[in-house]
Amino acid sequence: HAALSRRYVLCEVVSEDPWCRQCIEDRVLGLAVRDAIARVHGDYGLACCSISFTVKYLNAYTGTVLLRCRKDSYRLLCSALPFVRYLESRGQRYPCFLNTLHVGGTIRTCQKFLIQYNRTQLLRLLQNCTNEEERQCIQKSLLSCSLTEEQSESGDEEDDDDTE
């Protein structure tokens with residue numbers, strides 16, 4: 001099982017278009033990423049990345065995406081992500097880009113990073129609050145940023161081998 005070393009790439013979908021979030025789904029995102037890999041690295045790069053590549057987690061509401069690939073092809077994958085320029089769904093193209101947040105050896109390390117990242121984002125929002133109601137709302141969100149045991153019991157957990 002250790003021979004199947006994998007990397008998990010945590011990204012966020014960033015778009016000015018409010019309709020973009022509605023079209024975020026595994027298949028659409030997977031196709032956009034594969035298309036970018038093919039354009040940047042050709043058939044060889046696509047073949048290398050396609051082995052074990054999958055959209056492991058996706059939250060359309062927050063735009064958070066977790067991609068899984070083999071450890072030996074994660075650099076190919078990451079270098080192609082900036083070339084995702086839009087998501088296409090039902091004949092419509094929604095301009096967006098993928099912001100890579102973290103690359104980890106396990107889903108759990110990505111979860112931990114995401115919690116820390118969300119905390120930081122919420123603290124920035126807290127500093128820009130204009131009224132007490134907003135402030136209390138954000139403080140409540142900050143307190144809810146934690147990893148529960150239920151979330152951590154992922155059946156797809158790998159050995160925690162750090163990134164080079």
Check: [X]/[Y] side-chain N/O donor and acceptor closer than 3.5 Å:
{"X": "R93", "Y": "Y86", "result": "yes"}
{"X": "R124", "Y": "Q121", "result": "yes"}
{"X": "R70", "Y": "S5", "result": "no"}

Working to the nearest 0.5 angstrom, can you tell me the gap between [X] [atom1] and [Y] [atom2]?
{"X": "N118", "Y": "L101", "atom1": "CG", "atom2": "CG", "value": "9.0 Å"}
{"X": "L126", "Y": "Q136", "atom1": "CG", "atom2": "CD", "value": "11.0 Å"}
{"X": "S15", "Y": "L87", "atom1": "OG", "atom2": "CG", "value": "8.0 Å"}

Other residues, nucleotides, ligands: >12 heavy atoms within 6.0 Å of D43 CG
no
Any chance CD of E16 has more than 12 other-residue heavy atoms, nucleotides or ligands included, within less than 6.0 Å?
no
Are Y74 and V40 joined in one hydrophobic group, where the rule is that I, L, V, M, F, W and Y side chains link up if heavy atoms are under 4.5 Å apart?
no
Side chains of [X] and [Y] in contact at under 4.5 Å (non-hydrogen atoms):
{"X": "V9", "Y": "C11", "result": "yes"}
{"X": "P95", "Y": "D17", "result": "yes"}
{"X": "F53", "Y": "L77", "result": "yes"}
{"X": "K71", "Y": "R6", "result": "no"}
{"X": "R21", "Y": "Y61", "result": "no"}
{"X": "T64", "Y": "V13", "result": "no"}

Test item: [X] side-chain N/O and [Y] main-chain N/O as donor-acceptor pair under 3.5 Å:
{"X": "R34", "Y": "S50", "result": "no"}
{"X": "T120", "Y": "Q116", "result": "yes"}
{"X": "R85", "Y": "C96", "result": "no"}

Pairs meeting criterion side-chain hydrogen bond (donor to acceptor under 3.5 Å, both in side chains) with involvement of residues 94-103, two or more places apart:
E12-N99
In V33, L67, L76, the residue satisfying side-chain contact (heavy atoms from CB on, under 4.5 Å) with C49 is L76
For L10, run the side-chain contact (heavy atoms from CB on, under 4.5 Å) check against Y117, F113, Y57 and tell me which one passes.
F113
List the steps and the verdict of side chain to side chain contact (heavy atoms under 4.5 Å, CB included) for I107 and L66.
CA-CA 8 Å; I107 291 175; L66 188 64; 4.1 Å; yes
Does the pair S79 and H41 meet the rule for a side chain to side chain contact (heavy atoms under 4.5 Å, CB included), with working shown?
CA-CA 9 Å; S79 64; H41 299 295; 2.8 Å; yes
